[in-house]
Protein chains: 2
Amino acid sequence: MDDDAEHRLDRAFLALADPVRRGIIARLSRGPATVNELAEPTSITVQAVSRHIKVLEEAGLVSRTRDAQRRPVHLEPGRLEELTAWIDRFRLIHEQRYRNLDALLRAAPERTPETETGS
Amino acid sequence: MDDDAEHRLDRAFLALADPVRRGIIARLSRGPATVNELAEPTSITVQAVSRHIKVLEEAGLVSRTRDAQRRPVHLEPGRLEELTAWIDRFRLIHEQRYRNLDALLRAAPERTPETETGS
DNA sequence: CCCTTATTCAACTGATTTGTTGAATACGAA
DNA sequence: TTCGTATTCAACAAATCAGTTGAATAAGGG
């Protein structure tokens, strides 16, 4: 994995490490919304929400279009998919390792401490 | 989702937002390792790695056991699974929404601007 | 007990983050 | 143009983070 991909993961995971930004992602999964619409249900200012959106945008998790003076924000599901791919890769390696270990113990149990005490 | 669950997601996503910590997760997917083993291939001090492990532990992504004076670190796949569950939930809501929208456009295309210019 | 190894804690620094307020910019309506 | 709405930029303060070095703790081996 090159530095660019690493940096992209940095920004994407960091972007999700905030409840306000995860709330924005959750809202956008139901469809596009403007900055003001996203700020309305929260207790923070519109400016703060605008900066949260900037973080999400630089992480590649959302994009913005232009509609008169509004800038609707859209979810970009591709980046979310990259994150689950990263996580699942190592989750499955780990799972496979334990499956192999389990099979090994099952096939030749006579030398393992666990089976000695268990007999 | 309660505050505890939110805070847990905060810490877990933040823990993954660092290339050193992701490297540790990748290494641990192949099996447990000690702090020194984890620090050896990196260019940072053992103390810094120890603190990274603490972050991962507080995020619930790894756990530590005791083996004489060593403290082997183990991957905890359950928390990784929670993260993919969170991401996939909204990724699939979004995907479903676009499937529905697409079906709607296909069923009644006569009033939509796109199909008017497209004909 | 003394020595070595493994690990963690404490204090400090520089960089980054998150929120605020106030000012600036972009666009459309009247 | 003038006004109003939507959004962003700039500057600031408080908090957090990631690294360092140096000291402390824990556990075995001689």
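Just so we're on the same page: letters track the sequence lines, and every chain starts at 1. Just so you know, these numbers use all the heavy atoms, side chains as well, and skip hydrogens, waters and symmetry mates.
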Is the phosphate of [N] approached by [X] (side-chain N or O, under 4.0 Å from OP1 or OP2)?
X	N	answer
A:H52	C:dT17	no
A:R21	C:dT18	yes
A:S50	D:dT7	no
B:R51	D:dT21	no
A:T45	C:dT20	yes
B:N36	C:dT5	no

I need the [atom1]-[atom2] distance between [X] and [N], as an integer number of Å.
X	N	atom1	atom2	answer
B:D18	C:dT17	CG	P	12 Å
A:Q47	D:dA6	CD	C1'	11 Å
B:R71	C:dA6	CZ	C1'	10 Å
B:L16	D:dA18	CG	P	12 Å
A:K54	D:dA6	NZ	C1'	17 Å
B:R70	C:dT7	CZ	C1'	11 Å
B:E40	C:dA6	CD	C1'	15 Å
B:L56	C:dT8	CG	P	12 Å

[X]/[Y] ion pair, N-O < 4.0 Å:
X	Y	result
B:D102	B:R99	no
A:E82	A:R79	yes
A:R11	A:E58	no

Task: A:D18 vs B:L14 side-chain heavy atoms within contact, under 4.5 Å - done: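 No. Closest side-chain heavy atoms not under 4.5 Å.
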Task: No-H, no-angle donor-acceptor pair, B:Q69 side chain to D:dG29 base, under 3.5 Å - done: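 Looking at the base of D:dG29, it does not pair with any donor or acceptor on the side chain of B:Q69 (distance under 3.5 Å).
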Open item on the list: For A:V62 versus A:E76, what's the shortest heavy-atom pair and its separation?
Closed with: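 Result for this residue pair: C-CG, 3.7 Å.
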TODO: Select base, sugar-phosphate, or nothing to describe what B:L14 touches, counting heavy atoms under 4.0 Å on all strands.
DONE: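 B:L14: backbone/sugar contact only, no base atoms under 4.0 Å.
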Task: Residue B:R66, side-chain heavy atoms: nucleotide from D:dT7, D:dA27, C:dT8 that is nearest - done: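 Selected nucleotide (nearest to the side chain): D:dA27.
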Task: Closest to the B:V46 side chain, choosing from C:dT7, D:dT8, C:dT18 - done: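 Looking only at side-chain atoms, B:V46 lies closest to C:dT7.
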- [ ] Please figure out whether A:S43 or B:V35 has its closest DNA chain C nucleotide nearer the 5' end.
- [x]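 In this pair, the answer is B:V35.
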- [ ] Specify the residue among A:V55 and B:R64 whose closest nucleotide of DNA chain C lies further upstream toward the 5′ end.
- [x]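 Its nearest nucleotide being more 5', the pick is B:R64.
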Open item on the list: I want to confirm an ordering. Mapping A:P72 and B:D67 to their closest nucleotides on DNA chain D, which one lands closer to the 5' end?
Closed with: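 Closer to the 5' end of DNA chain D: A:P72.
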- [ ] Answer with yes or no whether the hydrophobic clustering places B:L92 together with B:Y98; edges join I, L, V, M, F, W, Y residues whose side-chain heavy atoms lie under 4.5 Å apart.
- [x]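 Shared cluster, no.
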